[in-house]
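First the structure, in the form of structure tokens, and then the observations on it.
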Amino acid sequence: MSVDADLLLDWFAETARDLPWRRPETTAWGVLVSEIMLQQTPVARVEPVWLAWLQRWPRPSAMAAASQGEVLRAWGKLGYPRRALRLHEAAKAIADEHGDVVPSDVDTLLALPGIGAYTARAVAAFAYGRRCPVVDTNVRRVVARAVHGAGDAGPPSTTRDLADVAALLPDDEATAARYSAALMELGALVCTARTPRCVDCPIIDGCAWQRAGRPAYAGPAKPVQKFAGTDRQVRGLLLDVLRGTAEPVAKARLDVVWADAGQRDRCLHSLLVDGLVEQIEDGRFALPGEH
DNA sequence: AAAACGTGGTC
DNA sequence: TGACCAAGTTT
């Protein structure tokens, strides 16, 4: 009741962004690639990479045939490059075991690398029109406010979050899928984390948070991720050297990116373990699968 | 269940 | 300036 489907869907119909992966001609593969790229990564940074990616690798089997290094280069600076490796593995599995067709079943999708509770349902809903709850950070925030009257979502609980949204979903399959997209869009454009634009909200009249006088978030403090000085930063610097060169590089070329030798070597080692970097016979380093 | 995992824009 | 934030998944 607090999230009126008609109001939300009408708002979505006239306000939704024209994102390339939402166009009718987009394949399920295109939807899957977009969902992986969008994990923890803003739309604006994903868009150009997604367009190039789909042009180069229009089907899972096409990407499966590329090397890991090519995939990592195409991934560019989207961040969390292990996503690219997992997408590569998923593409191979789809090509080899699913006839080059992205699965439409949530459990089958969940079995693929890099696909978790959110992405599996997003693909089922947005690529195949299935009626299943799609819960990302936007949806969690909208539900926390509109339904529960809280300032923000508390710690995630997949079971509870899915049940919350399942209870809101319209009965009709195709409508349910659009409803999920609309919920996400509302969280992204109006019901934002920082300064929600409640004056533009289509469901303000049913919003429990509004009714309660917009109380501040009262849950446990959210841990803030540090970046400067962490292994994540150092790994990123190391990988950036390799991305920028066609030829393998000597270790000295990697040593210059970070002063602390202990941390540097630990990070290089972890990149090797993760399969993001490869050491060739002569001792030099390169992106995997290219030499 | 908490922590690791990239990168860059914004207020 | 620096903390917060961005369509999460894995271990």
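Letters A, B, ... mirror the listed sequences (proteins, then strands); counts begin at 1. Since we're looking at a predicted model, the values are computed, not measured.
Summarising the geometry of A:Tyr217 relative to A:Gly154, their closest heavy-atom pair is OH-CA, 3.7 Å, with the distance given to 0.1 Å. Residue A:Thr192 comes nearest to A:Thr195 through the heavy atom pair OG1-O, 3.2 Å, listed as atom of the first residue, atom of the second, then distance.
For the pair A:Asp152 and A:Arg140, the salt-bridge criterion is not met [side-chain N within less than 4.0 Å of a carboxylate O]. With respect to A:Asp105 and A:Arg130, no salt bridge is recorded, no charged nitrogen being found less than 4.0 Å from a carboxylate O. For the pair A:Glu185 and A:Arg178, the salt-bridge criterion is not met [side-chain N within less than 4.0 Å of a carboxylate O]. Looking at A:Glu89 and A:Arg86, no side-chain N of the basic residue comes within less than 4.0 Å of a carboxylate O on the acidic one, giving no salt bridge. A:Asp260 and A:Arg266 are not joined by a salt bridge, as no carboxylate oxygen comes within less than 4.0 angstrom of a charged side-chain nitrogen.
Both A:Val257 and A:Leu272 sit in one connected hydrophobic cluster of ILVMFWY residues. Membership requires side-chain heavy atoms under 4.5 Å apart, directly or through other members.
A:Pro81 comes within 4.0 angstrom of sugar-phosphate atoms only, judged by non-hydrogen atoms across all strands, and of no base. No engagement by A:Asp274 is indicated, since no non-hydrogen atom pair under 4.0 Å with the nucleic acid exists.
Nucleotides C:dG2 and B:dT7, compared at atom C1', are 16 Å apart to the nearest Å. As rounded to the nearest Å, B:dA1 and C:dG8 have C1' atoms that lie 16 Å from one another. Here the separation of B:dC5 from C:dA7, taken at their P atoms, is 23 Å to the nearest Å. With P as the reference atom, B:dG9 and C:dT9 are 25 Å apart, rounded to whole Å.
Donor-acceptor pairing under 3.5 Å is recorded for the side chains of A:Arg83 and A:Thr41. Using modelled atom types, one finds no donor on one side chain facing an acceptor on the other under 3.5 Å when comparing A:Gln39 with A:Tyr118.
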### Summary
With B for base contact, S for sugar-phosphate-only contact and - for none (protein heavy atoms under 4.0 Å), nucleotides 3-11 of chain C reads SBSBBBSS-
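Remark: nothing in residues 233-262 of chain A comes within less than 4.0 Å of DNA chain C through any heavy atom.
Nucleotides of DNA chain B lying under 4.0 Å from heavy atoms of chain A occupy a range whose first and last members, 5' to 3', are B:dC5 to B:dT10.
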### Task
Report the C-alpha separation of A:Arg253 and A:Arg284 in whole Å, then their side-chain angles, then the decisive distance to 0.1 Å, and conclude whether the side chain to side chain contact (heavy atoms under 4.5 Å, CB included) test is met.
CA-CA 10 Å; A:Arg253 288 278 303 283; A:Arg284 291 183 298 164; over 6 Å; no
